[in-house]
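Structure first, commentary second.
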Amino acid sequence: MSTLLDVQGLTKQFVKDDTGIVALRDFNLQVEKGSFVTILGRSGCGKSTALNLLSGLIRPTSGTVTYHGSPITGPRTEISYLTQSDTLMPWRDVRRNIEMPMEISGAPAQERRARAMDLIERVGLTGFERHYPRELSGGMRRRVSLARMLVGDPETLLMDEPFGALDAQLRTDLQAELLRLWQDSGQTVVFVTHDIEEALLLGDRVVVLGLRGRCVLDREIDLPRPRDPDELRVESNFVALHREMTEALRKGAR
Ligand SMILES: Nc1ncnc2c1ncn2[C@@H]1O[C@H](COP(=O)(O)OP(=O)(O)OP(=O)(O)O)[C@@H](O)[C@H]1O
Ligand SMILES: [Mg+2]
């Protein structure tokens, strides 16, 4: 395996009313091509800031992000980013929102439509193709965003708490669907969450962040796949890992 994303000494300082706020300090991360890395951390520890930097959406105060060995200086088409807040186009209906990345890359209409319809079904939105974002619930909008991020078959997916606001059953369904789509796709995923169970269920590796993005634990997760959440919860391996993560989060808050 080779390093796809290489983050070195990343620091981001925001300025608000003449006061500097350090959101991330000296953050390092190497992501192997094809791996599923989950970043776990409490609210405010700098997770979204880290993804914004990785995606090229914002520029660091210092440090570098390289992708395939070349520096990231702005958003790239190979990297698809599902942000924490909604970025659907209010004037486009569900199907046309989902088709958008393929439109940008110039895919033919028929292919776009077929791919969008397949994803609409996978995220459970059949029948809502012609609805506009304002006519959907929050959870439905998240699912549209998820479908839109997957539609163009990007090389790398950056996901910021995509399932946080969903009900438990729907979250379980979409986690399974995401794993199904990821498996054998060769795609690289960096997935942010504050939920230990989600981090363990999804990741090949969990990186636990403390305040200002300090890495408190970087752990390979050698649980076999496919992972069934109900079976996993009672496995001794899982219970031990869960305990380790809880302790790391506690340590990170100090
Ligand atoms: N644009 C900004 N201007 C000023 N401060 C900011 C800005 N963006 C983030 N911050 C600060 O940086 C810190 C980290 O924020 P960030 O959004 O990265 O946290 P997070 O880990 O994603 O939290 P959550 O889990 O709640 O989404 C916070 O203290 C926040 O107030
Ligand atoms: Mg966040």
Side-chain angles (χ1 to χ4, degrees), residues 5-31 36-65 72-75 79-88 138-139 141-146 148-149 156-168 170-171 174-175 178 189-203 205-219 242 245-254:
L5 255 172
D6 189 9
V7 178
Q8 296 282 350
L10 215 53
T11 295
K12 180 68 185 180
Q13 179 173 8
F14 294 105
V15 178
K16 172 89 178 158
D17 302 332
D18 292 332
T19 310
I21 303 164
V22 177
L24 210 62
R25 177 174 290 144
D26 197 21
F27 175 64
N28 297 294
L29 181 73
Q30 280 74 45
V31 178
F36 198 127
V37 177
T38 47
I39 295 183
L40 177 66
R42 306 266 302 268
S43 178
C45 75
K47 303 182 297 298
S48 296
T49 304
L51 281 197
N52 285 339
L53 290 162
L54 259 59
S55 69
L57 214 56
I58 62 170
R59 304 286 301 139
T61 307
S62 60
T64 55
V65 183
I72 288 195
T73 53
I79 304 177
S80 188
Y81 182 18
L82 177 51
T83 55
Q84 193 167 10
S85 53
D86 248 340
T87 57
L88 295 175
R141 282 197 296 272
R142 283 317 270 170
R143 286 183 270 159
V144 178
S145 300
L146 177 68
R148 185 183 59 179
M149 102 158 318
T156 297
L157 311 174
L158 306 177
M159 309 177 81
D160 196 354
E161 309 208 31
F163 309 139
L166 304 176
D167 67 74
L170 188 56
R171 184 187 312 168
L174 289 179
Q175 285 166 341
L178 175 65
V189 183
V190 181
F191 186 106
V192 161
T193 180
H194 58 255
D195 186 282
I196 299 178
E197 202 170 289
E198 183 169 64
L200 290 174
L201 178 70
L202 298 177
R205 175 179 160 208
V206 176
V207 177
V208 183
L209 299 188
L211 291 173
R212 285 173 285 281
R214 180 170 64 98
C215 176
V216 280
L217 182 71
D218 188 340
R219 187 81 161 73
H242 199 289
M245 301 290 149
T246 308
E247 183 48 41
L249 284 175
R250 207 169 282 147
K251 188 171 150 204
R254 289 200 287 267

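Note that ligands are numbered from 1 as they come in the structure, with each ligand's atoms numbered from 1 the same way. In what follows, residues are counted from 1 in the order of the sequence shown.
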So, regarding [X] and ligand 1 (criterion: nitrogen or oxygen to nitrogen or oxygen, under 3.5 Å), is there a contact or not?
X	result
K47	yes
F14	no
G44	yes
G46	yes
T49	yes

Hey, could you give me the [atom1]/[atom2] distance between [X] and [Y], rounded to the nearest 0.5 Å?
X	Y	atom1	atom2	value
I196	L249	CD1	CG	5.0 Å
T61	Q13	OG1	CD	6.0 Å
R25	K12	CZ	NZ	14.5 Å
D195	L201	CG	CG	9.5 Å

Practice prompt. Can you pull out the closest protein heavy atom to atom 26 (O) of ligand 1? Residue, atom name and distance to 0.1 Å, please.
Written response: S43 OG, 2.6 Å
Practice prompt. For side-chain contact (heavy atoms from CB on, under 4.5 Å), just list the numbers for R171 and E198, CA-CA rounded to whole Å, side-chain angles, deciding distance to a tenth of an Å, and then say yes or no.
Written response: CA-CA 9 Å; R171 184 187 312 168; E198 183 169 64; 4.0 Å; yes
Worksheet item: Are R205 and D218 ion-paired here, with the side-chain N under 4.0 Å from a carboxylate O?
Response: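 D218 and R205: salt-bridged.
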Practice prompt. Decide whether the shortest distance between a heavy atom of K16 and an atom of ligand 1 is less than 4.0 Å.
Written response: no
Pull out every atom of ligand 1 sitting under 4.0 Å from any heavy atom of [X], numbered as shown with elements.
X	result
A23	12 (O), 13 (C)
Q84	27 (O)
I21	4 (C), 5 (N)
S48	17 (O), 18 (O), 20 (P), 22 (O), 27 (O)

Fill in: Whether over 12 other heavy atoms sit under 6.0 Å from R214 CZ
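Yes, because the 6.0 Å sphere around CZ of R214 holds more than 12 heavy atoms from other groups.
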Worksheet item: Does any non-hydrogen side-chain atom of S145 lie less than 4.5 Å from one of L88?
Response: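 Yes. Closest side-chain heavy atoms under 4.5 Å.
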Item to complete: Kindly indicate whether the side chain of F27, heavy atoms from C-beta on, has any atom under 4.5 Å from the side chain of T49.
Response: no
Fill in: Whether S43 has an N, O or S atom under 2.8 Å from the Mg ion (ligand 2)
no
Worksheet item: From the Mg ion (ligand 2) out to just under 2.8 Å, does an N/O/S atom of Q84 turn up?
Response: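 An N, O or S atom of Q84 is closer than 2.8 Å to the Mg ion (ligand 2), so yes.
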Discussion item. Protein non-hydrogen atoms only, distance under 4.0 Å: does atom 31 (O) of ligand 1 have such a neighbour?
Written reply: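 Protein heavy atom within 4.0 Å of atom 31 (O) of ligand 1: absent.
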Discussion item. Closer than 4.0 Å and a protein heavy atom, does any atom meet both conditions relative to atom 14 (C) of ligand 1?
Written reply: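 Yes, because at least one protein heavy atom sits under 4.0 Å from atom 14 (C) of ligand 1.
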Discussion item. Under 4.0 Å, heavy-atom basis, I'd like to know which part of E161 is in contact with ligand 1: side chain, backbone, both or neither.
Written reply: side chain
Discussion item. Taking L157's backbone N and O only, do any of them form a donor-acceptor pair with S80's side chain (distance below 3.5 Å, no angle check)?
Written reply: no
